[in-house]
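Residue indices begin at 1 and follow the sequence shown.
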Amino acid sequence: MTDATKEDLQKMPLLDHLIELRTRLLYSVGALVVAFIGAWFLADEIYRFLVKPLADILLEIGLEQGEARRMIFTNLTEVFFTYVKVAFFAAAFVTCPVFLGQIYRFVAPGLYKHEKMAFLPFLVASPILFFIGGALVYFAILPLAWDFFIQFEAPGGADTLAIQLEPKVNEYLSLTMKLIFAFGLCFQLPVIMTLLARVGIASSEGMAKKRKYAIVATFVVAALLTPPDPISQISLAVPIVLLYEISIYMAKLVERRRRQRQEELDRELES
């Protein structure tokens, strides 16, 4: 066998992996494109859904004050690109399980059977937790936050100008999507910490010892990701602290199962 042939054989596995990775990426991107096209035709309805927490408050205030409230745009292309963002946001949200599934199918051939079975729960839990985080911010945090900030409106007087909210379409959408993604990503904490515990990078004992530092870091992150009002910050920080406690419990379960498997293996070797 020539040196060239040996070299080709050595390179083939890497080439096969790259081809497989390209295939999985193409499937994922293809699903994203199809979902984006579908979401584009529903962009107006999706935008109305995202703006509803603020619209309900503004419409109620408008009825009380006897005037119509509105949202504005100051750039000719602003609404168009806002709808593009809305469609992409919806497509990314819908195709998240597709991306996770393709990642799993890429790494699955290199896993043992018990490793595949261990990985599947995380594959299912990740989009569910993201959805729960997004639902929490939409149904609970946004109404409280918008109601808090609208309180800073002030009526005009004889020698003062009125302070009235006229939110921009693009700015409102960007803030809303940022909050939904922030909460959704933060709710991945149990998945990430449990995976770290499974591979031995983190431990339940270590996480428990660093609990106080984690709580401080949680409130710092909440202050950076949420609007500057205490209600939003506490509403994000408290669930993350609870999820951290859940992560410690999940890590304990992983360690307990690992010890049980090791004890069974030791007994088999002794017998």
Side-chain angles (χ1 to χ4, degrees), residues 24 92-93 96-141 178-226 230-271:
R24 299 303 168 196
F93 191 86
C96 178
V98 177
F99 276 85
L100 294 175
Q102 292 302 319
I103 292 173
Y104 173 76
R105 295 189 66 178
F106 176 70
V107 301
L111 301 176
Y112 293 107
K113 184 177 180 180
H114 70 276
E115 291 175 333
K116 293 179 182 179
M117 298 303 296
F119 194 81
L120 281 175
F122 301 108
L123 197 65
V124 176
S126 184
I128 292 176
L129 288 173
F130 188 91
F131 177 80
I132 293 174
L136 174 65
V137 68
Y138 179 83
F139 292 105
I141 308 303
K178 173 186 173 183
L179 290 175
I180 291 176
F181 270 112
F183 274 69
L185 292 176
C186 288
F187 269 62
Q188 302 301 308
L189 182 62
V191 174
I192 296 172
M193 298 308 296
T194 306
L195 284 174
L196 292 178
R198 183 172 291 276
V199 299
I201 297 177
S203 66
S204 59
E205 183 180 358
M207 287 189 285
K209 287 182 179 179
K210 297 175 182 178
R211 180 184 285 110
K212 58 183 178 181
Y213 303 107
I215 293 175
V216 173
T218 295
F219 278 90
V220 172
V221 171
L224 294 174
L225 294 179
T226 60
I231 297 176
S232 299
Q233 294 170 7
I234 294 174
S235 299
L236 176 59
V238 171
I240 294 179
V241 172
L242 294 177
L243 291 171
Y244 188 81
E245 296 297 327
I246 294 174
S247 301
I248 295 175
Y249 175 74
M250 295 297 295
K252 288 181 179 179
L253 291 180
V254 169
E255 293 165 354
R256 185 183 307 166
R257 292 173 182 173
R258 184 185 301 151
R259 286 194 300 267
Q260 290 175 350
R261 287 197 301 268
Q262 186 62 41
E263 291 172 359
E264 292 174 359
L265 181 61
D266 292 339
R267 284 195 297 267
E268 291 177 1
L269 292 176
E270 291 176 358
S271 60

Is there a donor-acceptor pair closer than 3.5 Å between any side-chain N or O of Q188 and the backbone N or O of L129? no

Might you point out which heavy atoms bring P239 and I234 nearest each other, and give the distance in Å? CD-O, 4.0 Å

Go through the structure and list residues passing ring-ring contact (aromatic ring centres under 6.0 Å, His included) with F130, not counting sequence neighbours. F93, F181

For E245, which residues count as a salt bridge (charged side-chain N to carboxylate O under 4.0 Å, His left out) partner, sequence neighbours excluded? R211

For T218, the side chain to side chain donor-acceptor pair (under 3.5 Å) test, sequence neighbours excluded, returns none

Using every non-hydrogen atom in the two residues, find where F183 and G133 come nearest and quote the distance to one decimal. CB-O, 3.4 Å

Checking K252 now: which residues fulfil side chain to side chain contact (heavy atoms under 4.5 Å, CB included) with it, not counting sequence neighbours? S204, I248

With sequence neighbours left out, what residues match V124 under side chain to side chain contact (heavy atoms under 4.5 Å, CB included)? I128

With F99 via side chain to side chain contact (heavy atoms under 4.5 Å, CB included) - residues at least two apart: S28, L32, T95

Listed by chain and number, what are the side chain to side chain donor-acceptor pair (under 3.5 Å) partners of R256, not counting sequence neighbours? none

Sub-3.5 Å donor-acceptor pair from the side chain of Y244 to the main-chain atoms of L189, do we have one? no

Quick one: side chain to side chain donor-acceptor pair (under 3.5 Å) partners of S247, sequence neighbours excluded? none

Contacts of K209 meeting side chain to side chain donor-acceptor pair (under 3.5 Å) (sequence neighbours excluded), chain-then-number -> E205

